[in-house]
Peer 1: 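Let me begin by handing over the structure; questions about it come next.
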Amino acid sequence: MRASSYKEDPVYEVYYRQQEALVAQLITEDQFESPIELIGGVDVAYDETSNRMIGALVVLDAASLAIVDQAYHEMEITFPYVPGLFSFREVPALKAAFQKLTTKPQLIICDGHGIAHPKKMGLASHLGITLDLPTIGCGKRSLLTPWDKAALAMERAATVPLIWEGEIRGVALRTQPAIKPVFVSIGHRVSIETAIALTLKMSPQYRLPETTRAADQLVNALREKLLRITASEEEE
DNA sequence: GCGACAG
DNA sequence: ATCTTGTCGC
């Protein structure tokens with residue numbers, strides 16, 4: 001497991017310094033009231049043509065997986081996609097969506113990493129600290145490559161650690177037998193054990209957690225609506 | 001020097 | 001992320 005180098009673009013210096021300040025507030029152990037019954041999922045969609053984005057947050061009942069509440073926020077895109085600074089792009093819209101919720105979740109599973117990030121400040125950690133809420137990072141691809149693919153057993157719940165600078169920053173986790181794993185890490189105020197257990201609980205049937213799938217569906221429906229509006233304005 | 005690089 | 005045609009399988 002090679003500890004790859006991580007380059008910081010001097011252009012974004014101020015944001016890297018901000019990440020260092022945020023890491024000081026990071027909590028990597030369970031700190032919440034049990035039981036967790038309401039879990040949130042997030043996703044963001046983009047329309048580069050209109051330079052607008054939609055952040056969505058869906059709240060599910062952890063036992064039934066039923067949707068309890070949902071909210072979204074549309075706004076201008078204000079930050080480019082830069083690997084390592086992803087959270088600065090998505091947090092503003094997600095924070096605004098969170099504030100519109102009637103029923104707040106007790107924890108959020110994010111579409112992106114937590115501390116499985118070169119500076120331990122992926123989207124999940126940044127959002128968790130911003131909202132002061134427990135969060136789990138659950139990405140579709142690892143940012144900390146490479147990982148030991150051959151060591152990951154085929155059965156559901158199999159894991160293999162993601163190592164970075166000699167530390168276990170997260171795990172590759174198979175949520176379904178023989179299916180490509182997801183990459184789970186501590187976001188904020190949860191242990192890795194809790195992060196894995198809740199990710200599995202919320203992924204009874206598909207590769208991705210139901211929270212992520214629900215947020216994904218909402219954001220795609222909203223995006224279609226946004227594109228129709230953008231198109232009709234261009235006709236005028 | 002080039003590549004790799006969450007969504 | 002978004003774009004984008006077909007294709008394989010339950």
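Keep in mind the model is a prediction, meaning the values are calculated, not measured.
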Peer 1: Within a 6.0 Å radius of atom CZ on A:F79, are there more than 12 heavy atoms belonging to other residues, nucleotides or ligands?
Peer 2: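 Check passes, neighbour count above 12.
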Peer 1: Establish, with yes or no, whether the OP1 or OP2 oxygen of B:dG3 is under 4.0 angstrom from a side-chain nitrogen or oxygen of A:K7.
Peer 2: no
Peer 1: Does this structure show an ion pair linking A:R189 with A:E29, if we count only N-O contacts that are shorter than 4.0 Å?
Peer 2: no
Peer 1: So does A:F98 have more than 12 non-hydrogen atoms from other groups sitting under 6.0 Å from CZ?
Peer 2: yes
Peer 1: With a 4.0 Å cut-off on heavy atoms, is A:G122 in touch with a base, just the backbone sugar-phosphate, or nothing at all?
Peer 2: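 Touches a base.
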Peer 1: If we require ring centres under 5.5 Å and near-parallel planes under 30°, does A:Y81 stack on B:dG7?
Peer 2: yes
Peer 1: For DNA chain C, what dot-bracket results from Watson-Crick or G-U pairs at under 3.5 Å, with [ ] for crossers and | for inter-strand partners?
Peer 2: ..........
Peer 1: Is there side-chain contact between A:V171 and A:V160, with at least one heavy-atom pair below 4.5 Å?
Peer 2: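 Sidechains of A:V160 and A:V171: no contact.
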Peer 1: Does A:E74 come within less than 4.0 Å of A:R52, counting only side-chain N to carboxylate O?
Peer 2: yes
Peer 1: Report all interatomic pairs (protein N or O, nucleotide N or O of nucleotides 7-10 of chain C) with separations under 3.5 Å.
Peer 2:
none

Peer 1: Could you walk me through whether A:E167 and A:K120 pass the salt bridge (Lys or Arg N to Asp or Glu O under 4.0 Å) check?
Peer 2: CA-CA 11 Å; A:E167 293 181 333; A:K120 301 189 184 182; 3.4 Å; yes
Peer 1: Look at all strands and tell whether A:L123 reaches a base, only sugar-phosphate, or nothing, counting heavy atoms closer than 4.0 Å.
Peer 2: base
Peer 1: Strictly by salt bridge (Lys or Arg N to Asp or Glu O under 4.0 Å), give each pair with a member in residues 86-104 of chain A just once, sequence neighbours left out.
Peer 2: A:E48-A:R89
Peer 1: Verify the distance criterion only: is there a donor paired with an acceptor across the side chains of A:D111 and A:T212 at less than 3.5 Å?
Peer 2: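 Checked: A:D111/A:T212 side chains show no N/O donor-acceptor pair below 3.5 Å.
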